[in-house]
Amino acid sequence: MRECRYYRLLDDGRVECQLCPHHCRISEGKTGICRSRRNEGGVLVSEVYGRPCSLAIDPIEKKPLYHFHPGTKCLSIACTGCNFHCQNCQNHEISQVVPSEVEHYDLSPEAVVELCIEHHCPGIAYTYTEPLTYLEYITDTARLAHEAGLWNILVTAGYVCQEPLNDLLPYLDAANIDLKSFSDDIYMKVSGGNLQPVLDTILSMRAAGVWIELTNLVIPGINDDMQMIRRMCQWLKSNGLADNPLHFSRFFPRFKMQNIPPTPIHTLKEAKQIALEEGIRHVYLGNV
C-alpha cells in the first residue's frame with residue numbers, strides 16, 4: 001500500500017479524500033466509493049498502487065483513439081476501482097470490486113515502463129477501469145514513461161478534482177473521455193455523479209494541449225434523446241472541440257441493465273447526423 005497524496009485528516013479520525021468530487025469521508029478501516037483508497041490509522045492509502053489487475057497490448061483504435069497515431073499499439077494497464085457505479089458497466093468484474101477479489105500483478109512504475117519498451121509499444125494506456133482512482137500510480141508511471149520517450153494515454157470518465165488533474169496533465173498526451181450524457185439527472189441516476197466536473201476535465205485537458213477524443217454510449221430510453229445530444233454537440237463546438245473526434249457507441253445489455261435492448265443502428269445514425277449538422281467534423285459509430 002502507498003500513502004495517497006490528496007486527502008486531509010478530520011478531527012474525528014476520519015479522512016476526507018480530495019481526489020474526486022465525491023470527497024468521501026472515510027472511517028478507520030473503510031474505503032471510499034472507489035473501493036481502493038482506505039483509511040489506515042488516519043492515513044489514506046491506495047491499495048492498488050503497483051498492483052494492476054489487467055495487462056494487454058491493444059491497437060490504439062480500441063481506446064478508441066482514431067486520430068492519435070493510428071495503426072500503432074499500446075500497453076494497456078488497469079487496477080481495480082471506479083468512482084462511478086454505472087449500471088451498464090462493461091468491466092464491472094474489475095471496476096466494481098475490492099482489490100482482494102481479483103488477482104493482480106506486482107509492477108512498479110519502473111517495471112511498467114520496462115515492459116512497454118520490451119514489447120516495442122510506443123505508449124501506455126491507463127484504461128478498462130477508472131485510472132483516476134489510482135492517480136498516484138499513473139502519475140509516477142507516466143512521468144517515467146515520458147522520460148523514456150513513451151506516450152501516455154488516459155481512458156477515463158473524467159470525474160476528478162482540479163489539483164490532482166493538474167499534477168497529471170503535464171505527462172498526458174491523449175485521452176478518450178466518456179461523456180455519458182448531457183444531463184446531470186442522468187449522470188446521477190445511472191452513474192452516481194454529476195456532469196459539470198466531467199465538462200471541467202474536458203476543458204482542462206484541452207487547455208493543457210492533451211489530444212482529446214470523446215465517447216458517448218447511447219442507451220435506449222436513457223440518454224438517446226436527440227435534443228439532448230444536439231445540446232451536447234453545441235457545447236462541444238462552442239468550447240473549441242469541433243475538430244475532436246466524437247464516438248457514438250452502441251449499447252449492449254450488461255451488468256444491471258440486462259433488460260434494455262441493444263441500441264438500434266438507426267439511433268446511432270441519427271445522432272451522427274445531428275453531430276455533423278452542429279459542426280462536429282469527425283463522428284464515428286462504435287460497437288456496430
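This chain uses plain numbering: 1 for the first residue, then up along the sequence.
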Sole residue of I117, I60, L150, T72 in side chain to side chain contact (heavy atoms under 4.5 Å, CB included) with P122: T72
Passing option when L154 is tested against I212, V210, I138 for side chain to side chain contact (heavy atoms under 4.5 Å, CB included): I138
Would you kindly say whether [X] and [Y] are connected by a side-chain donor-acceptor distance under 3.5 Å?
X    : Y    : result
E130 : S95  : no
D178 : T215 : no
H146 : D173 : yes
E213 : H247 : yes
D58  : S76  : yes

Could you grab the distance from atom [atom1] of [X] to atom [atom2] of [Y], nearest 0.5 Å is fine?
X    : Y    : atom1 : atom2 : value
I94  : H104 : CD1   : NE2   : 14.0 Å
D167 : C161 : CG    : SG    : 12.0 Å
D224 : S181 : CG    : OG    : 11.5 Å
I186 : S191 : CD1   : OG    : 10.0 Å
R2   : R51  : CZ    : CZ    : 13.0 Å
F251 : T267 : CZ    : OG1   : 12.5 Å

Considering all heavy atoms of both residues, which atom of [X] and which atom of [Y] are nearest to each other, and what is their separation?
X    : Y    : answer
N83  : I33  : O-CG2, 3.9 Å
R14  : L9   : O-CD1, 3.5 Å
Y126 : T141 : OH-CG2, 3.5 Å
L246 : A275 : CD2-CB, 4.1 Å
L44  : N39  : CD1-N, 4.2 Å
R281 : L276 : O-CD2, 4.4 Å

[Y] reachable from [X] in the ILVMFWY side-chain graph, under 4.5 Å edges:
X    : Y    : result
L285 : F252 : no
W211 : I124 : no
L165 : Y137 : yes
I177 : M232 : yes
F68  : V283 : no

Tell me whether [X] contacts the main-chain N or O of [Y] through its side chain, where contact means a donor paired with an acceptor under 3.5 Å.
X    : Y    : result
N216 : F248 : no
E101 : V98  : yes
N152 : L172 : no
S27  : K30  : no
T129 : C79  : yes
R254 : Q90  : yes
T156 : G158 : yes
N176 : P64  : yes

pair [X]-[Y]: side-chain heavy atoms closer than 4.5 Å:
X    : Y    : answer
M257 : I219 : yes
V160 : T201 : yes
R35  : Q96  : yes
F182 : I229 : no
I57  : C74  : no
T31  : R37  : no
L115 : I77  : no
Q162 : S204 : yes

Residues Y6, L135; criterion side chain to side chain contact (heavy atoms under 4.5 Å, CB included); working and verdict: CA-CA 10 Å; Y6 311 101; L135 187 141; 3.7 Å; yes
Parallel, tilted or perpendicular, as decided by the 30° and 60° cut-offs, for the rings of F84 and Y159: tilted
Ionic contact status for R8 with E16, cut-off 4.0 Å: yes
Salt-bridge contact R5-D140 (side-chain N to carboxylate O under 4.0 Å): yes
Y66 ring center near Y284 ring center (under 6.0 Å): yes
Candidate pair T263 and L268, rule side chain to side chain contact (heavy atoms under 4.5 Å, CB included), full reasoning: CA-CA 8 Å; T263 315; L268 296 179; 4.0 Å; yes
Reference residue R38; test salt bridge (Lys or Arg N to Asp or Glu O under 4.0 Å); the match among E28, E3, E47: E47
Check against side chain to side chain contact (heavy atoms under 4.5 Å, CB included), C4 and E136: CA-CA 7 Å; C4 299; E136 294 88 354; 3.4 Å; yes
Derivation of the side chain to side chain contact (heavy atoms under 4.5 Å, CB included) call for V190 and K180: CA-CA 9 Å; V190 175; K180 298 179 183 295; over 6 Å; no
Greater than 12 external heavy atoms within 6.0 Å of E103's CD: no
